[in-house]
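Structure first, commentary second.
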Number of protein chains: 2
Amino acid sequence: MAKAEAILSQHQLRITQSRKSVLTAFIENNHALSQPDLEKMLESDCDRVTIYRILDSFLDKGILHRVPDNEGKQKYALCDACTAHHHHDEHLHFKCNNCGKTECLDEIPMPEIQLPSGYQVEEWNMLLQGVCAECSEA
Amino acid sequence: MAKAEAILSQHQLRITQSRKSVLTAFIENNHALSQPDLEKMLESDCDRVTIYRILDSFLDKGILHRVPDNEGKQKYALCDACTAHHHHDEHLHFKCNNCGKTECLDEIPMPEIQLPSGYQVEEWNMLLQGVCAECSEA
DNA sequence: GTTTATGCAAATTCTTTGCAATACT
DNA sequence: AGTATTGCAAAGAATTTGCATAAAC
């Protein structure tokens with residue numbers, strides 16, 4: 001919780017109970033979360049609409065980044081190296097087809113890719129799908 | 001339209017007006033489409049629900065594949081090399097932050113990636129974002 | 001005390017399901 | 001004729017907006 005408060009004040013955001021709850025949920029889970037996920041986790045802790053607004057403000061400040069998904073789910077994950085002005089989203093996302101969780105594999109370097117001329121790339125996101133380490137053990 | 005009929009019969013799907021319209025929309029647009037996109041394009045041509053069901057059956061048969069998106073939009077695109085049993089989704093998707101269109105860059109090879117042990121990868125999708133060739137000209 | 005964030009109500013959009021009517025082979 | 005597909009109605013999620021209240025600084 002202390003970490004959550006630190007992140008909030010670091011980004012000039014007022015420290016509220018709702019924001020701390022949402023941020024703590026991301027800190028304690030190492031996978032991407034959607035608004036519906038958070039709504040279930042936080043239950044009566046804070047209002048449905050508040051969660052949407054908090055997610056927006058966290059995106060704005062660069063605390064979170066959007067995670068690509070192929071099923072139309074809007075997911076978010078903690079940005080370690082992001083700032084408000086530039087998102088360093090150059091990392092891999094692994095989505096498990098068994099448990100449904102998407103995790104960020106920050107430690108794996110993004111491969112080099114040669115695009116046709118005319119394309120200006122601002123963000124790279126890689127979405128791998130299969131069975132995650134946890135699920136393939138069980 | 002002839003091409004649409006060929007694809008349908010090739011996949012043992014009955015040739016109906018609705019399916020031809022949906023498939024033609026994909027053939028004529030070289031970018032990923034969502035159900036709401038199609039609903040606007042086809043207007044009174046066919047029912048909202050029918051589009052959902054057609055998209056499902058096309059996914060089933062491997063005519064379409066799901067395209068990753070980071071804004072919670074469920075998008076689909078034509079599969080060139082896909083079959084009903086195996087999706088060859090190993091290609092790049094480029095989403096333009098200006099016009100919002102996502103196109104498949106089939107010709108660019110997917111880079112090799114080394115994952116930690118325990119991860120079994122079944123599908124690879126790369127989502128690049130920036131400004132597309134068309135938008136950077138204008 | 002001022003500003004910003006929250007909660008509630010309500011509206012809008014996206015998606016799914018059931019069933020009777022219709023179109024395809 | 002027989003089966004698969006469609007349209008309509010209706011329900012259920014997900015998301016957005018407006019405004020008064022409450023909390024943070």
Side-chain angles (χ1 to χ4, degrees), chain A residues 1-2 4-25 32-61 63-64 66-76 84 100 102, chain B residues 1-2 4-25 32-61 63-64 66-76 84 100 102:
Chain A
M1 208 64 138
E5 294 191 20
I7 293 174
L8 289 174
S9 61
Q10 193 181 322
H11 289 88
Q12 286 93 39
L13 284 173
R14 288 192 178 178
I15 294 166
T16 68
Q17 187 52 52
S18 306
R19 282 180 179 155
K20 283 192 287 187
S21 301
V22 171
L23 193 42
T24 302
L33 299 172
S34 64
Q35 187 280 343
D37 290 338
L38 290 160
E39 197 175 328
K40 278 163 217 139
M41 293 168 69
L42 305 181
E43 196 68 43
S44 55
D45 226 9
C46 68
D47 189 72
R48 183 185 312 142
V49 179
T50 302
I51 298 174
Y52 281 107
R53 290 193 270 228
I54 288 175
L55 289 171
D56 279 349
S57 68
F58 284 6
L59 265 189
D60 250 27
K61 295 294 185 176
I63 298 173
L64 298 178
R66 294 177 193 272
V67 172
D69 185 79
N70 65 353
E71 287 179 292
K73 313 279 180 199
Q74 185 144 10
K75 293 184 175 180
Y76 306 85
T102 302
Chain B
M1 207 63 137
E5 295 191 20
I7 293 174
L8 289 175
S9 61
Q10 192 181 322
H11 288 88
Q12 286 93 39
L13 285 173
R14 288 194 178 177
I15 294 165
T16 67
Q17 188 51 53
S18 305
R19 282 180 177 154
K20 284 192 285 187
S21 301
V22 171
L23 192 42
T24 302
L33 298 172
S34 64
Q35 187 279 345
D37 291 339
L38 290 160
E39 197 176 327
K40 277 164 217 138
M41 292 167 72
L42 304 181
E43 197 69 44
S44 55
D45 225 7
C46 67
D47 188 72
R48 184 185 311 141
V49 179
T50 301
I51 298 174
Y52 281 107
R53 290 194 271 228
I54 288 175
L55 289 171
D56 279 348
S57 68
F58 284 6
L59 266 190
D60 250 25
K61 296 293 186 178
I63 298 173
L64 298 178
R66 295 176 192 273
V67 173
D69 185 77
N70 64 355
E71 286 180 293
K73 314 280 181 200
Q74 186 144 9
K75 294 185 173 177
Y76 306 85
T102 302

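The chains referred to below are lettered A, B, ... by the order of the sequence lines, with proteins before strands, and numbering in each begins at 1.
Atom CG of A:Asp45 and atom P of C:dA5 are 18 Å apart (whole Å). B:Gln35 has its CD atom 14 Å from the C1' atom of D:dA14, to the nearest Å. Going from atom CD of A:Gln12 over to atom P of D:dA24 covers 19 Å, rounded to whole Å. Atom CD in A:Glu5 sits roughly 9 Å away from atom P in D:dC25 (whole-Å rounding). D:dT16 atom C1' lies 14 Å from atom CD of A:Glu39, rounded to whole Å. Rounded to a whole Å, the CD1 atom of A:Ile54 is 14 Å from the C1' atom of D:dA24. Atom CG in A:Leu59 sits roughly 13 Å away from atom P in D:dT15 (whole-Å rounding). Atom NZ in B:Lys20 sits about 12 Å away from atom P in D:dT6, given to the nearest Å.
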- Item | Per-nucleotide protein contact string for nucleotides 16-25 of chain C (B base, S sugar-phosphate only, - none; heavy atom under 4.0 Å) | BBB----BBS
- Test log, rule side-chain contact (heavy atoms from CB on, under 4.5 Å), inputs B:Thr24 and B:Ser21: CA-CA 5 Å; B:Thr24 302; B:Ser21 301; 5.9 Å; no
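Residues B:Ile15 and B:Ser9 share a closest heavy-atom pair of CD1-CB, 4.4 Å. The two residues A:Lys20 and A:Ala4 have their closest heavy-atom pair at O-CB, 4.3 Å. The heavy-atom pair separating B:Val67 from B:Tyr76 by the smallest distance is CG2-C, 3.9 Å. When every heavy atom of A:Leu38 is checked against every heavy atom of A:Leu33, the shortest pair comes out as CD2-CD1, 3.8 Å.
Comparing C:dG7, C:dT15, D:dG7 by their nearest atom to the side chain of A:Ser18 picks out C:dG7.
Checking A:Leu55, A:Ile54, A:Val49 one by one against A:Gln35, the side chain to side chain contact (heavy atoms under 4.5 Å, CB included) holds for a single residue, A:Leu55.
Put simply, the side chain of B:Asp56 never gets that close to the backbone of B:Arg53: no donor and acceptor are under 3.5 Å apart.
Proximity of B:Arg19 to B:Ser57: side-chain heavy atoms (C-beta onward) are separated by under 4.5 Å at one or more points. Contact check for B:Leu8 versus B:Phe58: side-chain heavy atoms found under the 4.5 Å cut-off.
Note that the two end axes of the helix from C:dG1-D:dC25 to C:dT25-D:dA1 enclose an angle of 40°, each drawn from 5 base pairs, rounded to 10 degrees.
When the nearest nucleotides of DNA chain C are assigned to A:Asp47 and B:Pro36 by heavy-atom distance, the more 5′-ward of the two goes with A:Asp47. Toward the 5' end of DNA chain D, the nearer of the two residues B:Gly72 and B:Thr50, judged by each one's closest nucleotide, is B:Thr50.
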